[in-house]
Protein chains: 2
Amino acid sequence: MASIKDVAAEAGVSVATVSRVLNDHPSVSADARTRVLAAVEALGYRPNAVARSLRTDQTHTLGLVISDVMNPYFTELARSVEEEARALGYSVIIGNADERPELQDHHVRTLLDRRIDGLLVSPTDGGSPLIVDAARAGTPMVFVDRWIPGVEVPVVRADGRAAVRDLVAHLHGLGHRRLAIIAGPAATTTGSERVEAFREALGEYGIPLPDAYIGQGDFQAESGRRVTEGFLDLPEPPEVVFAADNLMALGALDAVRARGLRVPDDLALAAFDDIRWFVHTDPPITAIAQPTGELGRAAVRALVDSIEGRTPRSVTLPARLVVRRSCGEPPASPEPAPVRNRSQS
Amino acid sequence: MASIKDVAAEAGVSVATVSRVLNDHPSVSADARTRVLAAVEALGYRPNAVARSLRTDQTHTLGLVISDVMNPYFTELARSVEEEARALGYSVIIGNADERPELQDHHVRTLLDRRIDGLLVSPTDGGSPLIVDAARAGTPMVFVDRWIPGVEVPVVRADGRAAVRDLVAHLHGLGHRRLAIIAGPAATTTGSERVEAFREALGEYGIPLPDAYIGQGDFQAESGRRVTEGFLDLPEPPEVVFAADNLMALGALDAVRARGLRVPDDLALAAFDDIRWFVHTDPPITAIAQPTGELGRAAVRALVDSIEGRTPRSVTLPARLVVRRSCGEPPASPEPAPVRNRSQS
DNA sequence: CACGTCGATGTAATCGATTCCACGAGGAGG
DNA sequence: CCTCCTCGTGGAATCGATTACATCGACGTG
C-alpha cells in the first residue's frame, strides 16, 4: 500500500508538503498542490489512519458499549448514534455486552486500548470500577439510557415516570387491580427506576405492590418467561403484567401462549420500550415508547462536546404511552399509520 | 496515559525488555519480568494498540459491512460474527450500509483506512468497484449472505433452493395457485436468486410466475407495503405473497392490516428469514430459516484463515422451511418450544 | 586456558503520519 | 540598496510500540 513517501517521491516534493496538501494547510503553492493531488490519484493513495492517530493522538472514533444488540431498542439506538456520529465526522465501534458485566469490561478495555476519543456506555451493572476509573481519569464519556450513580458523567436518557403513571391510569381505568411487574436487574438504574415509578403510580390509586408481584428479570426474554410462569402459579395471579423491557414482554407472551391462555383475557400485558413488532403481535402490545433516535443523537452531541472541549449537558427526554390492545378494550381509534418511517425518531 | 517508556523507567530496564515481557518473549530473566510486571501494575499501564498496529501492521480487527442493522437477520449475524471473532482474538467493527451503496462504500473505505486485517461484506449492490479493487489488491475478504459474482472471494451463505421448493409444495398442498413474490433488489444475489428459486419451484407444478406477480422491493419494510398494495389492486390479486426477507413481510402485513383484510384468509403470507418475532405475530408467519449463527461463525473462520495464510473455503449451508399459520390451515403439531434459547444457532 | 555458545539486555531503526524549525527567495518599506 | 517580513518548502523530531543487531558476562568443552 502506497505511503506518504511514495506520494512525495511521485510528486517530487517532501513528505511535509504532501501532508500539508492533505490537511489543507494554507501555505502550499498551487503548483505543488496539483502535483501532489495528481500523485495521490495516480497511486490510489489513502492516508494510514493508524499512523495519523498515533501522531495526533486522536482517532475520530467513538466507542459505544450497549447492553444487548439483539434488543431492538438498542439496535435502534446504535443506528442513530452511528448516524449522528458520521454527520459529525466520527466513526463508531460498537461493543455488545450481552448484559454480562465481564463482557462489558472486555469491550471497554479494548476500546480504551484503541484510544477511542470518547465512550458512550449503557452500563450493564451498577459499578464497573473500570468505567468509573476511566471516567475519573478524564476519558470523555456519556451514559445513555442507564447510568452509574455517583460518577460525574453526563447522562442522556428518557424519563418514563409520567408515562408509567399514564399506563397505570389506563390499567386502572380498565378495571385492573392486581398489577405485577417484571423488573430488570436491580443493579441497573433503569431496572430499579421502573419498579419505583410503577410502585409510586400504583400508590396514587391506593394499590399496593406486594413482593410476590415483583418478578426479578434480567432484561432477556427467557427471564420474562420464567417470571411470568411464576406469576401464573401464584394462588392469586395478577391480572396485568408490566414488563420492564421489550424482550421480557416477549418472554411473557411465550409463557402465556405455552399454557394455552390468551392476552388480554387471561392476562393483560404491557411493556417498556416500544418496538415496531409490537404492532403485529397477537394482540398488539401496549407499550411505553422512548424517543430512541433523539436519545442517540443527543448522546453523541454531548460526547462530542466533551471531546472537543465544550461543556456537555445531560439530557432527559419524556417517554410516552402507546395504547394498543394487550391490556383489554381496544383504543378509541385505530393506529393511524401502520408502517412507521424508519428515518423518523 | 502511561507509555512503555514510563514503565521502563519505573522498572529500571529498557523499553525493549518491557516489550519482551509484554509479548512474552522467552529470553527475559525472572527478575526483570517481575519488576516490569510490578511497574505495569503500579502505573496501570495498557499498551497503545494504535502504536502497536503501526509497527506490526496488524490491527487484529475485522470489518463487517452489513446491509441493514435494523434487520434482525443481520443483527443476529453480527452478533455471531463478533462472538466467533472474539474467540479467535479479533475485534469487529460494524458498518451499517442501510441498503445504500454509497454508504456501503463509505464504510469500506473507512475500514480500509483503519487497516483492518480483513473484511466481511454482505454487498448491497452487485458491483462496488471499491470492493472489487480491494479484493484484487489482496485485502483478505469474505462475502457473507450475498456476494459479488466474478470476484475471487470465498462466499459463506445459505442455500434456500430446497426450502423454497418445500414452501411451494406446502402452498400448493393448501390449494393456492396464484402465488406472488416480493423480490429484493435485482442487483443483490439474494434478491435475484430467491425469485429464480421460486419460479423454478412453481414450474414443477406447472404454475407460471407472471411479471405482475413479481413485485420489486428493496429489502425494507416500506417497499413490502407498497408492493403488497399493488398486488391487492390487481384485477386478479394473488392468494399468497412470498416476501424475500423479513422486513418486507412486515410491510406486507401492514398493507393487509391497513385494508382491514386478514392473513391468511384474504391473503396468505410467507417470508424468507425466520426471526423470533414471527412466532408472535398475528398470525404466526411461515418462514424459511437460515442457520444464521453458523453462517456468521463460518464466515469469520474463513476470513481468519485467509488472514493467517491458510486457504479459506466457501461454505454453503441449507435453509429450512418452518411452517406456521400464515398460509392457512395450522401445522399438524404446535411448535414445541416457544422461547428459543438465544445461544443456539 | 581459550574459544564458542547462549541468555539477558540495551541501542537504535522502523512503521506512516504531523509539525516545529530553519532556510532561501522575493516583495515591501525606509 | 539594505533590511525585514512573508511565503513556500524541506529536514528532522516525534508519537509508542516492535525487533534486528550489538554487547557482555557466564558457562561448557576441547
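Protein chains get the first letters and strands the later ones, always in sequence-line order, with residue 1 at the start of each.
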Out of D/dG16, C/dT11, D/dT9, minimum distance to the side chain of B/A16 belongs to C/dT11

When we call it a touch if two heavy atoms are under 4.0 Å apart, what does B/V18 touch: a base, just sugar-phosphate, or nothing? nothing

May I ask you to verify whether the side chain of B/R52 and the base of D/dT18 hold a donor-acceptor pair under 3.5 Å? no

Exactly one candidate in B/E83, B/E82, B/E84 meets salt bridge (Lys or Arg N to Asp or Glu O under 4.0 Å) with B/R86; the answer is B/E82

Let's see if you can work this out: which of D/dA17, D/dT18, C/dT18 has an atom nearest to the side-chain heavy atoms of B/A51? D/dA17

Residue A/L54, side-chain atoms from C-beta onward, closest of C/dT11, D/dA17, D/dC15: D/dC15

Within the structure shown, what part of the strands sits under 4.0 Å from B/V50 by heavy-atom distance: base, sugar-phosphate, or nothing? nothing

From the set D/dT19, D/dA13, D/dG8, return the single nucleotide nearest to any side-chain atom of B/R55. D/dT19

Taken to the nearest whole Å, CG/B/D113 to P/C/dG16 is 14 Å

Output the rounded distance in Å from CG (A/N23) to P (C/dT19). 7 Å

Quick check for you: among C/dT18, C/dA12, C/dG7, whose closest atom lies nearest to any side-chain atom of A/V15? C/dT18

Out of D/dG10, C/dT18, C/dG10, minimum distance to the side chain of B/S14 belongs to C/dG10

To the nearest 0.5 Å, atom CG of A/D117 lies from atom OG of A/S53 at 8.0 Å

Nearest-nucleotide pick for B/A32, side chain only, options being D/dA17, C/dT9, D/dT18: C/dT9

note: B/R115, atom CZ; D/dA17, atom P; distance rounded to Å ~ 21 Å

Determine whether a donor-acceptor pair (N or O, by modelled atom type, separation under 3.5 Å) exists between the side chain of A/T292 and the backbone of A/L77. no

Side-chain (B/T34) to main-chain (B/A30) donor-acceptor, under 3.5 angstrom: yes

Assess whether one donor atom and one acceptor atom, taken from the side chain of A/R33 and the base of D/dG8, lie less than 3.5 Å apart. no

Using atom CD1 of A/I4 as one end and atom P of D/dG10 as the other, report the distance to the nearest whole Å. 12 Å

Indicate whether OP1 or OP2 belonging to C/dT18 is found under 4.0 Å from a side-chain N or O atom of A/S19. yes

Between D/dA17 (C1') and A/R114 (CZ): distance, integer Å: 15 Å

Nearest-0.5 Å distance, CZ of residue B/R100 to NE2 of residue B/H107: 9.5 Å

Atom-to-atom span, CG of B/L22 to C1' of D/dT18 - whole angstrom: 11 Å

Using OP1 and OP2 only, check whether a side-chain N or O of B/T17 sits under 4.0 Å from C/dG10. yes

Let's test your reading of the model: under 3.5 Å, does the base of C/dG10 pair with the side chain of B/R20 as donor and acceptor? yes

Of A/S27 and B/R46, the one whose closest nucleotide on DNA chain D sits nearer the 5' end is A/S27

Nearest of C/dT19, D/dC15, D/dA17 to any side-chain atom of B/K5? D/dC15

Among the candidates C/dT19, C/dT14, D/dG8, find the nucleotide nearest to the side-chain atoms of A/S29. D/dG8

To the nearest Å, give me how far apart CD (B/Q58) and P (D/dT19) are. 9 Å

Please determine, for the side chain of A/V28, which listed nucleotide (D/dA17, D/dA12, D/dT9) has the closest atom? D/dT9

Atom-to-atom span, CG of B/D31 to C1' of C/dA8 - whole angstrom: 11 Å

Pick the nucleotide of DNA chain C nearest each of B/H25 and A/M1; which residue has the one closer to the 5' end? B/H25

Between A/D98 and B/R79, is there a side-chain N and carboxylate O pair less than 4.0 Å apart? yes

Any salt bridge linking B/R301 with B/D305? Criterion: basic side-chain nitrogen under 4.0 Å from a carboxylate oxygen. no

Does C/dC15 have its OP1 or OP2 closer than 4.0 Å to a side-chain nitrogen or oxygen of A/N48? no

